[in-house]
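Chain A is the first sequence line, chain B the second, and so forth, proteins listed ahead of strands; every chain is numbered from 1.
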2 protein chains.
Amino acid sequence: MTVTLADVAARAQVSPATVSRVLNGNYPVAAGTRERVLRAVDELDYVLNGPASSLAASASDLVGILVNDIADPFFGIMAGAVQSEIGPGGRAGGERLAVVCNTGGSPERELTYLTLLQRQRADAVVITGGAIEDAEHMNALAAKMERLTDAGTRVVLCGRPPAPDTGAVALTFDNRGGGRRLTEHLLGLGHRAIGYIAGPEERTTTRHRLEGHRAALAAAGLPDGETVHGPYDRSSGYDAALELLRRDPSLTAIVAANDSVALGACAALRDAGRRIPDDVSVAGFDDLPFSIDTVPALTTVRLPLYEAGARAGRIAMSREKEPPGGVATVHGELMVRGSTAAPRG
Amino acid sequence: MTVTLADVAARAQVSPATVSRVLNGNYPVAAGTRERVLRAVDELDYVLNGPASSLAASASDLVGILVNDIADPFFGIMAGAVQSEIGPGGRAGGERLAVVCNTGGSPERELTYLTLLQRQRADAVVITGGAIEDAEHMNALAAKMERLTDAGTRVVLCGRPPAPDTGAVALTFDNRGGGRRLTEHLLGLGHRAIGYIAGPEERTTTRHRLEGHRAALAAAGLPDGETVHGPYDRSSGYDAALELLRRDPSLTAIVAANDSVALGACAALRDAGRRIPDDVSVAGFDDLPFSIDTVPALTTVRLPLYEAGARAGRIAMSREKEPPGGVATVHGELMVRGSTAAPRG
DNA sequence: TTGAAAGCGATACCAG
DNA sequence: CTGGTATCGCTTTCAA
């Protein structure tokens with residue numbers, strides 16, 4: 001029915017072994033022979049049987065990229081960068097099947113996808129976004145990552161803390177530093193009543209950004225301000241902003257744990273009759289392209305997402321012990337856009 | 001090194017065949033035996049060898065979802081819906097590896113990803129987003145889809161026209177109707193000088209939306225207005241809006257081929273000193289959650305992306321000749337938000 | 001530089 | 001309900 005290697009071999013008048021060698025290109029084959037084999041491949045419209053190949057070679061060309069929310073451009077940018085580094089057209093050697101898996105932020109699905117990728121004997125796995133800080137899940141995850149690396153799958157963490165003794169390589173963002181600088185900026189403008197919309201509880205990104213924020217407050221001799229937790233999405237930002245206003249109507253600034261949340265907060269403020277930034281300033285985190293000019297008043301810590309993604313992709317593909325350029329923390333750049341203002345009065 | 005089915009069989013004191021039957025669950029096995037096998041699986045921490053399994057069964061549990069731009073929430077929403085229908089936790093039976101592949105809108109990469117998925121003997125492939133109308137590429141694509149369906153891979157097109165004789169099932173959006181209604185709405189308000197920012201040339205979505213727009217103009221006895229083409233992204237909308245203003249400074253409305261483009265256009269208008277919608281009204285297409293409240297003046301044809309994605313997922317999983325509920329065109333809903341205005345004067 | 005043949009690890013058919 | 005085993009299509013020594 002379907003064309004096999006043997007068919008190609010027969011047609012090219014060579015042995016299956018030779019066809020395999022031509023196809024994999026990592027073995028000397030006479031130019032003429034290669035020519036004939038390639039012609040036969042073309043004429044028969046032959047497509048390699050991946051499972052058979054993976055079974056025999058005990059290795060596949062599948063690379064998985066795990067993201068917390070595929071509808072969030074934050075992850076889209078990173079995943080796209082990883083893929084363009086690894087997948088078709090990528091520079092990291094040829095035609096790997098680089099695929100994105102959406103965990104939806106669920107710990108179970110995170111583990112399930114890793115198992116699925118382990119089943120496929122994935123070549124590499126890139127896990128992006130903040131990790132969940134639940135002891136049980138962390139153990140399960142660490143165990144799984146260790147088994148993956150043991151089996152030869154390279155594991156790269158991008159945007160979450162290192163996982164010691166698992167063989168996974170980590171590329172982290174400076175979330176604490178970013179949170180701190182964002183708040184220092186607002187303090188510098190004179191803001192004292194600052195509300196904070198945090199991400200979901202038990203997430204490393206949530207905790208680190210909040211710690212940076214509070215460190216800045218503490219350094220200025222101020223107590224913690226009002227804080228509301230919620231998912232990293234727009235509607236959560238909307239609700240949280242209203243809640244913050246309810247708790248403290250005199251707020252002059254709101255820091256949001258990411259840009260999607262910040263946009264939701266802006267919408268809420270507008271609906272509540274507050275002007276941005278004249279009445280309330282808003283600050284965000286991350287680097288969503290659309291936030292740049294839809295909400296001119298936004299102050300943001302801009303994370304080099306594309307670069308980080310590309311770097312993670314390169315690390316995933318590297319077969320060296322040490323990834324190229326070593327592993328580092330990515331620092332965000334503070335961007336003040338439009339008219340972030342000092343408090344009135 | 002790694003644990004195999006045979007190891008599990010030995011430990012459970014049964015034959016490999018029995019272990020396989022327990023694991024696949026589609027064959028009667030005595031409760032006690034099953035128990036023992038599952039315990040052995042657990043104790044040995046056994047993970048199925050996907051390639052071996054796929055080879056033997058000549059079928060895999062891989063489902064590919066192709067998108068044009070993974071950083072665009074339009075595709076993120078659809079892809080997420082497909083995944084949640086098919087992947088871990090999805091209702092469509094168990095643990096398939098539903099993965100997203102980013103073509104970046106490139107025809108070559110589209111074909112390459114399909115080949116890669118064909119290699120893996122993918123169970124199903126969902127291709128989302130507008131198609132490129134280049135004869136050569138269309139032929140190559142049709143041929144590839146036919147080979148995929150011949151090999152037993154179910155192919156579902158979501159948001160692009162049917163591909164006759166390929167065995168692919170199509171779920172289409174009513175782009176013409178949407179473009180028409182959007183324009184009719186503006187005409188109804190009294191707008192006569194309407195600029196149009198179209199998507200990339202040679203895309204079905206671009207053409208159909210533009211056709212609907214022009215049909216509405218023609219029905220009102222008006223000639224085609226100014227049109228500028230560009231990619232489906234924000235910066236393209238920004239540039240195109242400026243170009244439209246340059247060509248016709250008296251424009252009172254702009255229709256954009258999608259919401260990302262519309263947001264860019266809004267930014268450009270603002271930078272050019274035009275007020276929205278008092279000076280110029282803006283209309284978009286699609287359903288980006290953030291556009292709902294970041295640009296209150298926007299009028300949009302809202303496509304039920306999530307539903308379409310979920311439906312496409314169900315079709316992909318269906319093994320019937322006819323997909324559940326038949327195949328249909330998805331109609332968008334016209335949403336007039338905030339203060340889309342009549343032209344001044 | 002090329003060929004022959006032994007696996008890789010699971011599935012599914014055929015017996016029992 | 002369970003076991004034996006041929007088979008899937010490719011990779012990779014080992015020889016020639």
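No side-chain donor-acceptor contact under 3.5 Å links A:Asn139 to the backbone of A:Glu136. Side chain of A:Arg121 to backbone of A:Ala59: no donor-acceptor contact under 3.5 angstrom is found. Checking side-chain atoms of A:Gln118 against main-chain N and O of A:Leu148 turns up no donor-acceptor pair under 3.5 Å.
The interatomic distance linking A:Glu35 (CD) with C:dT1 (C1') rounds to 17 Å, in whole Å.
Every residue two or more places apart in sequence or in another chain was checked for a side-chain hydrogen bond (donor to acceptor under 3.5 Å, both in side chains) with A:Thr166, and none qualifies.
Residue A:Thr33 has no polar side-chain atom (N or O) positioned under 4.0 Å from OP1 or OP2 of C:dT1.
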Q: Using a 4.0 Å heavy-atom cut-off, write out nucleotides 5-16 of chain D from 5' to 3' as B (base contacted by protein), S (sugar-phosphate only) or - (no contact).
A: ---BBBBBB---
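Checked by atom type, the side-chain pair B:Thr103/B:Ser106 shows no donor-acceptor distance below 3.5 Å.
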